[in-house]
Number of protein chains: 2
Amino acid sequence: MMMTTRSSEQTTAAHDRLYRALRTRIMHGELAPGQALTLRGIGRDYDVSMTPAREALRRLVAEGALFLSSSGRVSTPELSNERIEELAALRALLEVELASRALPRAHMALIDRLQTINATIGEVVVNRDAVGYIRTNLEFHRTLYLRAQAPAMLAMAETVWLQLGPTMRALYGRLRRTDPPHYHKLIIAALKAGDEPGLRLAVRSDVTQGLRMLAG
Amino acid sequence: MMMTTRSSEQTTAAHDRLYRALRTRIMHGELAPGQALTLRGIGRDYDVSMTPAREALRRLVAEGALFLSSSGRVSTPELSNERIEELAALRALLEVELASRALPRAHMALIDRLQTINATIGEVVVNRDAVGYIRTNLEFHRTLYLRAQAPAMLAMAETVWLQLGPTMRALYGRLRRTDPPHYHKLIIAALKAGDEPGLRLAVRSDVTQGLRMLAG
DNA sequence: GGCGCGCAACTGTGATCACAACGCCCCCAT
DNA sequence: ATGGGGGCGTTGTGATCACAGTTGCGCGCC
């Protein structure tokens with residue numbers, strides 16, 4: 001079995017380490033749509049055998065993060081426009097609810113953190129760093145939704161993010177964004193004001209904005 | 001490799017057959033909460049080795065259908081009341097949207113089929129057949145939601161059903177139900193009348209009703 | 001120069017094995 | 001009678017292998 005533990009770092013299983021690493025890369029848009037992944041290739045890259053590689057990949061397939069061809073090959077998905085629209089609608093549905101549940105618990109410390117993250121987005125965006133933009137944007141949303149105290153709902157929202165990861169990378173590539181998302185400011189303002197309808201609208205608008213440039 | 005194909009029945013992979021069989025059993029409430037499953041046990045039951053059994057189980061864990069203990073053991077989940085409430089809220093969120101999207105496409109043939117299924121629920125319920133009740137009830141909902149033409153959203157709703165499967169079995173056991181769900185009739189009536197607000201309310205009520213008896 | 005065709009390398013699948021860790025149960029001491 | 005400790009059986013993990021299907025590339029033919 002070889003036991004490739006380098007020193008005494010982690011007690012977590014190898015397939016779990018693999019899964020986490022790949023999941024993060026996909027969600028942050030490090031992989032382009034249609035990118036192929038092989039068991040032996042993953043195994044080589046992460047210095048494990050096919051077995052844990054297979055488990056990590058199949059788990060990501062189960063979550064919709066990867067596409068499984070009829071012959072068993074896995075790759076990042078190339079989503080149809082209809083699928084993208086549906087996933088955006090799901091994001092809106094779930095995230096509006098999460099934001100609404102977070103609102104009563106949103107104290108000033110949270111709003112400060114959101115403003116800090118939003119400032120980081122502004123820095124990242126001028127460097128044309130697609131991965132950094134996606135990562136920081138998701139961090140903004142997750143920070144807010146964590147306050148909702150609804151783990152199952154948040155997990156489901158993250159699954160949608162995961163499915164959209166490669167597509168968002170491609171989307172960002174053809175998009176000449178030059179300023180941080182406008183609706184984030186509206187979200188923060190609605191949080192400060194305790195304005196629930198305004199918050200719902202702002203979140204819905206922020207989530208659906210990216211879609212519009214693709215369909216249009 | 002032994003190739004256990006009995007005659008020439010299926011070309012589908014063994015782990016996929018396993019996955020489908022277990023998923024159906026869990027979703028229909030054939031397994032009680034806390035039921036333990038072992039790789040070698042599953043392999044013995046379905047006449048395969050540990051490898052496909054492991055894949056099927058890990059996939060179900062990824063979907064939240066099974067619980068993975070810290071030591072790697074898998075079992076059906078024993079949900080906390082908070083978790084149940086959250087999953088019910090998710091059902092309401094997703095299914096209200098699915099029903100709303102199905103409404104404009106709901107023709108008479110669909111309504112007839114829903115009424116037929118609803119009649120079947122009435123038959124099943126007098127036999128105190130928990131599995132049959134859950135299966136037919138889900139068939140009622142799925143038949144309606146299929147018209148929404150929103151596969152990703154439907155898949156997410158099914159994932160929630162899957163997570164609730166064992167709990168719904170336990171719920172049904174302690175519940176002395178004697179008649180078919182009242183709100184199904186309201187759903188059908190709202191569909192006939194093209195009444196969208198009424199439909200949303202009826203679906204939300206139907207989905208949340210089961211929860212109330214647990215919390216109460 | 002373009003178009004098939006066939007072969008070789010590659011990929012996923014499932015079986016099997018070695019190993020370590022966990023759990024359970026029985027036995028003994030108090 | 002009861003509580004704790006030790007040992008054995010069971011469980012998951014990861015590596016490896018044989019095999020079959022697929023891919024794709026290069027060679028030869030038209």
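Just so we're clear, the structure is a prediction, and the values are computed from it rather than from any experiment. In what follows, chains are A, B, ... by sequence order, proteins preceding strands, each numbered from 1.
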Starting from the 5' end of DNA chain C, give me the residue, A/Gly41 or B/Ser49, whose nearest nucleotide shows up first. A/Gly41
Whole angstrom is fine here: how far is it from CE in B/Met50 over to P in D/dA15? 14 Å
Quick one: do A/Asp16 and A/Arg23 make a salt bridge, cutoff under 4.0 Å? no
Report the distance from atom CG of A/Asp47 to atom P of D/dT16, rounded to the nearest whole Å. 11 Å
Closest to the 5' end of DNA chain D, once A/Ala13 and A/Ser71 are matched to their nearest nucleotides, is A/Ala13
Compute whether any side-chain donor of one residue and acceptor of the other, for B/Arg200 and B/Ser100, lie under 3.5 angstrom apart. yes
Kindly say whether, by distance alone, the side chain of B/Arg54 makes a donor-acceptor pair under 3.5 Å with the base of C/dG14? no
Is any NZ, NE, NH1 or NH2 atom of the basic residue among A/Glu55 and B/Arg54 found under 4.0 Å from an Asp or Glu carboxylate oxygen of the other? yes
Using a cut-off of 4.0 Å on non-hydrogen atoms, how would the nucleic acid contact of A/Leu68 be classed: base, sugar-phosphate, or nothing? nothing
B/Thr51 vs C/dG14: side-chain N/O to OP1/OP2 distance below 4.0 Å: no
Taking atom types as modelled and ignoring hydrogens, do the side chains of B/Gln209 and B/Tyr183 form a donor-acceptor contact shorter than 3.5 angstrom? no
Using only side-chain N and O atoms of A/Arg58, determine if any of them is under 4.0 Å from OP1 or OP2 of C/dT13. yes
Per A/Val48 side chain, nearest of listed nucleotides C/dT13, D/dA15, C/dA15: D/dA15
Proximal nucleotide (of D/dT13, D/dT11, C/dT16) relative to the B/Arg73 side chain: D/dT11
With a 3.5 Å cut-off and just heavy-atom distances, do the side chain of B/Arg40 and the base of D/dG12 make a donor-acceptor pair? yes
Distance in angstrom units between B/Glu55 CD and D/dG14 C1', rounded: 14 Å
Determine the contact category for B/Leu37: base if any of its heavy atoms lies under 4.0 Å from a base atom, sugar-phosphate if only primed atoms, P, OP1 or OP2 are that close, otherwise nothing. sugar-phosphate
